[in-house]
Amino acid sequence: MGVTPIKLNFCIFFVNIIIIIKYKILLVCLIFQREGKRLLIDLIVVFPRSSISKSCCGRKSSMAEDSETKKVFDAEAAASLMKELRGTYASGKTRSYEWRVAQLKNLMKIVDDHEKDILDAIRADLSKPEQESYIAEISIIKSSCTRALGELNRWMKPEKVKTSITTFPSSAEIVSEPLGVVLIIGAWNFPLLLALDPAIGAIAAGNAVVLKPSELCPATSSLIAKLVGKYLDSSCIKVVEGAVAETSALLEQKWDKIFFTGSGRVGRIVMAAAAKHLTPVALELGGKCPVVVDSDINLPVAIRRIAGGKWASNNGQACIAPDYIVTTKDFAPKLIDALKHELEAWYGKDPLESKDLAHIVNSNHFARLAKLLDDDKVSGKIIHGGQRDKANLKFAPTILLDVPEDSLVMNEEIFGPLLPILTVDKLEDSFDMITSRGKPLAAYLFTNNKKLKEKFVKTVSAGGLVINDTVLHFAEKTLPFGGVGESGMGSYHGKFSYEAFSHRKSVLYRGFAGDASARYPPYSDRKLKLLKALLSGSVVGVILALIGWS
């Protein structure tokens, strides 16, 4: 049977429809090929990951997974970061007074605008009371910024110095210049302060800076990264978060200075890495900080200051917290009773329930402290406290009496709420006990005896000394803060922070007059006499040599 015109027209129409649909599908495919990735990313942003997964029959999109995979910060990433910062520093951007001031003002805005966020983050990491965090972290950062802003113009000015007859006629000055690109590795016990306080000096000195906050305080670390990225110049100041792998990647790079706060064990690793590139380091470490207590004191005030430095400073987790007390056998009972009374007044009969006592940072440190306390040589020496709550990382203030000097607790930095009390017959005997150990970061003496104070200052070598108080020297910006020996090297705070990240460059200016021919060959006895007089700085000798007299 033949094909009718109607059937033919219908076939042609149907073929045309198919062709049109085919081209439309092809066009859509071409568009999706070009725009598909962007469209998929938009979907991921708009819809939660869970909803995408459900809509895809329970299978996760591989592209969604890739977009959410955190980029690894390895040696290659660290090298790229360093290259970027080297380029920015080479442009001279960080050297101007205006740039430095702008960054310091913005750093001040961080703590002003986000005080509550900071306090909440530290509380989340360490359960630290807000008042402690404000006093020991936020207020000190504000003070450091204020001082730097007020003094920066003077710090940056060249320092004029006198010259001698040796270089006459001449003038000279010392010019402070930034070191370059510096790395600051913060610590967990004061997670905001020990990252940003050194950074104030580094920025004031005109450096490009990389901050590495402690991974043991993730909430504070994340907040620092967020706020520094928002408020400060990200082309010159960067934050790298992470743990051992990220820190190791950073330490492989050649820095112009590394500033590290932490333990002596990690300090040695940092120093070894820096030695490969002859990089200078500042190491703020720790040690066993002693407290020597005389009997002729205002006992209630002294006890508050000792207890405040120990337990109201992050529950003993501070590098300058009192590590042990030395007093006389006769005075020890009064001292112990006063300490017990104060602790109960502060933290109640069950200190584990107190909201004013910071918890131990993590389970590893909790186990370390438990090991110190469970030592057979120590466990029978507990005279107060000792309670602990492993699940909540709470450790009560604990006093120990006359623990053996060969016990673990007397041979490691405690860095926690345990406080041994050692007794001696004469207080002067305590000085030998202190000097026989490694040099501490801080040492404290409570006395009204002038001769005892003088002997303490003369005899005891430590990063810093405080008479009749504890830890307060950290807040004094006119004093350098740093260690000596195994408690660290280098210092900072106030102008010392500026100098820690600066090179003091000597500059000698001379004209073309006064060019002594005695400097140059051919040599003679007359020239030698003139040179000897010049180099010794003797004006009379120069005159005699010039007129030919011996």
### Task
If a pair satisfies side chain to side chain donor-acceptor pair (under 3.5 Å) and one of its residues is in residues 261-271, list it, with sequence neighbours excluded.
none
### Message
Please check: side-chain N/O of K288 versus main-chain N/O of V409, any donor-acceptor pairing under 3.5 Å?
### Response
yes
## Note on the structure
Nearest heavy-atom approach of V293 to T327 is O-OG1, 2.9 Å
### Task
Give the minimum heavy-atom separation between K310 and L418, together with the two atoms involved.
NZ-O, 2.9 Å
### Message
Just by distance, no angles: are the side chains of Y231 and D113 close enough, under 3.5 Å, to form a donor-acceptor pair?
### Response
yes
#### Entry: Salt-bridge criterion met for R86 and D256 (N-O under 4.0 Å)
yes
### Message
For W188 and F415, take the angle between the two ring planes, folded into 0 to 90°, and tell me which bin it lands in: parallel under 30, tilted 30 to 60, perpendicular over 60.
### Response
perpendicular
### Query
Does R100 reach the main-chain N or O of A204 with its side chain, forming a donor-acceptor pair under 3.5 Å?
yes
### Task
Tell me, with the steps shown, if K226 and D117 meet salt bridge (charged side-chain N to carboxylate O under 4.0 Å, His left out).
CA-CA 11 Å; K226 175 185 173 183; D117 296 331; over 6 Å; no
### Task
Compare all side-chain heavy atoms of N189 with those of V361 and state whether any distance is below 4.5 angstrom.
no
### Message
Counting only heavy atoms not in H341 (residues, nucleotides, ligands), do more than 12 fall under 6.0 Å from its NE2?
### Response
no
### Task
Using a cut-off of 6.0 Å, state whether more than 12 heavy atoms not belonging to K254 lie near its atom NZ.
yes
### Query
Could you give the distance from CD (E246) to CD (E215), rounded to the nearest 0.5 Å?
8.5 Å
### Query
Under 30°, 30 to 60°, or over 60°: which ring-plane class applies to W155 and Y498, parallel, tilted or perpendicular?
tilted
### Message
So does S133 get a backbone contact from the side chain of K128, meaning a donor-acceptor N/O pair under 3.5 Å?
### Response
no
### Task
Classify the ring geometry between Y492 and F481 as parallel (under 30°), tilted (30 to 60°) or perpendicular (over 60°).
perpendicular
### Message
Using 0.5 Å steps for rounding, measure from the CD1 atom of I325 to the OH atom of Y444.
### Response
12.0 Å
### Minimum heavy-atom distance between S235 and T88, given as atom pair plus value
O-OG1, 3.1 Å
### Query
Closest heavy-atom contact between K142 and Y134?
NZ-OH, 3.8 Å
### Summary
Separation between NE2 (H384) and CG (D337), nearest 0.5 Å, reads 11.0 Å
### Query
F366 and H359: ring-ring contact (aromatic ring centres under 6.0 Å, His included), yes or no, with the steps?
CA-CA 9 Å; F366 188 95; H359 67 51; 10.0 Å; no
### Query
With side chains defined as the heavy atoms from C-beta onward, is the minimum distance between L357 and P397 less than 4.5 Å?
yes
#### Entry: Closest approach of F496 to T478 (non-hydrogen atoms, all atoms of both residues)
CE1-O, 3.3 Å
### Message
Is the terminal nitrogen or CZ of R437 (NZ for Lys, CZ for Arg) located under 6.0 angstrom from the six-membered ring centre of Y324 and within 45° of that ring's axis?
### Response
yes
### Message
Quiz question: by atom type and distance under 3.5 Å, do the side chains of S144 and K477 form a donor-acceptor pair?
### Response
yes
### Pairwise side-chain contact, L373 with L400, heavy-atom cut-off 4.5 Å (strictly under)
yes
### Query
With a cut-off of 6.0 Å (strictly less than), are more than 12 heavy atoms of other residues, nucleotides or ligands near CD of E177?
yes
### Query
Taking all non-hydrogen atoms of both residues, which atom of L119 and which atom of E130 are closest, and how far apart?
CD2-O, 3.7 Å
